[in-house]
Asks: 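Pasting a structure here, questions to come.
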Amino acid sequence: MRESLKKLFGGLNMTWKATIIFAIVLGVYTALVAILAPDNCSLHDIAVTFEWWILPAIIIIVNCKKPLEAALKTLVFFLISQPLVYLVQVPFSHMGWGLFQYYPFWFGVTLLTFPGAFIGWFIKKDKWYSGVLLSAMTFILIGMGVGYVNQTIEHFPSHLLSAIYCFAIIPVFIFAIFKKNAPRIVCGAITATILFIVVFLSPTTNRMKRIGTRS
């Protein structure tokens, strides 16, 4: 398991071909899930909110050799995958091409992935500031995860898998990406602080859960 995670987070040959295939596969998969999976379940969440997209973005970023390469490949990944989510759904939706009314938000997010991935590449440096950079992603995961926990409690088992993913992927990132203790401690401390704040500030939690809705 450890060797598999090590390869996934830094040992892959993330060529342009691999990036494009990755984007097409995940875009089509998300569209099929949107068509087939019922609303308000974890399988459907990838088609609605963006916490599930953090994992593929980080996989691309940490498997690139330069920050500009990471920025370009992450941008292209989202430029391909996100429109595909809607395009594949068009023949099966009563909205038809009207589905693309939801794309502008995701296009804006896609543009932000360029500077985000450029800066995020420096988590590979394994320095204390790498922990600070990764905590930007754990902040999103904590906010979304707490929101999903609330929904699971209210409508069990709704969004249970998404809640588990949001919290479980954080230690995976911290221990698979970082090899040194300094960034692990920094990211862990910041993440724990974020969790404390979010848990005790429910209005913030509710706002975080609404961020990133595809439709």
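Here, residue 1 is the first one in the sequence, and each next residue gets the next number.
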Asks: Between Cys187 and Val132, is any pair of side-chain heavy atoms under 4.5 Å apart?
Replies: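 No, their side chains stay 4.5 Å or more apart.
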Asks: Under the side-chain contact (heavy atoms from CB on, under 4.5 Å) test against Ile142, which residue among Thr193, Ile194, Ile197 passes?
Replies: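 So, applying the side-chain contact (heavy atoms from CB on, under 4.5 Å) to Ile142 and each of Thr193, Ile194, Ile197, only Ile194 qualifies.
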Asks: Are Trp121 and Thr74 close enough that some pair of their side-chain heavy atoms sits under 4.5 Å apart?
Replies: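 Sidechains of Thr74 and Trp121: no contact.
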Asks: Could you tell me whether the side chain of Leu195 reaches within less than 4.5 Å of the side chain of Thr191, counting heavy atoms only?
Replies: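 They are not in side-chain contact.
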Asks: With salt bridge (charged side-chain N to carboxylate O under 4.0 Å, His left out) as the rule and sequence neighbours excluded, what pairs involving residues 107-132 come up?
Replies: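 Passing the test, one end in residues 107-132: no pairs.
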Asks: Is it the case that the side chains of Tyr86 and Thr30 hold a donor-acceptor pair, with the cut-off being a distance below 3.5 Å and no angle test?
Replies: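 Short answer, no.
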Asks: Please set out all donor-acceptor pairs under 3.5 angstrom arising from side-chain atoms of residues 163-181, sequence neighbours excluded.
Replies:
from, atom 1, to, atom 2, distance (Å)
Tyr165, OH, Glu51, O, 2.9
Lys179, NZ, Ala176, O, 3.2
Lys179, NZ, Ile177, O, 3.3

Asks: Within a radius of less than 6.0 Å around CZ of Phe107, do more than 12 heavy atoms belonging to other residues, nucleotides or ligands occur?
Replies: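 Count not over threshold, so no.
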Asks: I'd like to know if the side chain of Asp45 pairs up with that of His159 as donor and acceptor (distance under 3.5 Å, no hydrogens or angles considered).
Replies: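 Distance-only check passes for Asp45 and His159.
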Asks: Among residues two or more places apart or on two chains, list those pairs meeting ring pair (Phe, Tyr, Trp, His ring centres under 6.0 Å) that have a residue in residues 13-40.
Replies: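 Residue pairs passing ring pair (Phe, Tyr, Trp, His ring centres under 6.0 Å), neighbours aside: Phe22-Phe77.
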Asks: Just so I know, are the side chains of Met14 and Thr19 near enough to count as touching, which here means a heavy-atom distance under 4.5 Å?
Replies: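 Yes. Closest side-chain heavy atoms under 4.5 Å.
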Asks: Could you check if a side-chain atom of Met95 sits within less than 4.5 angstrom of a side-chain atom of Gln101, using non-hydrogen atoms only?
Replies: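 Counting from C-beta outward, Met95 and Gln101 do come under 4.5 Å.
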Asks: Are Phe200 and Phe196 an aromatic pair by the rule of ring centers under 6.0 Å?
Replies: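 Here the rings of Phe196 and Phe200 have centres that are less than 6.0 Å from each other.
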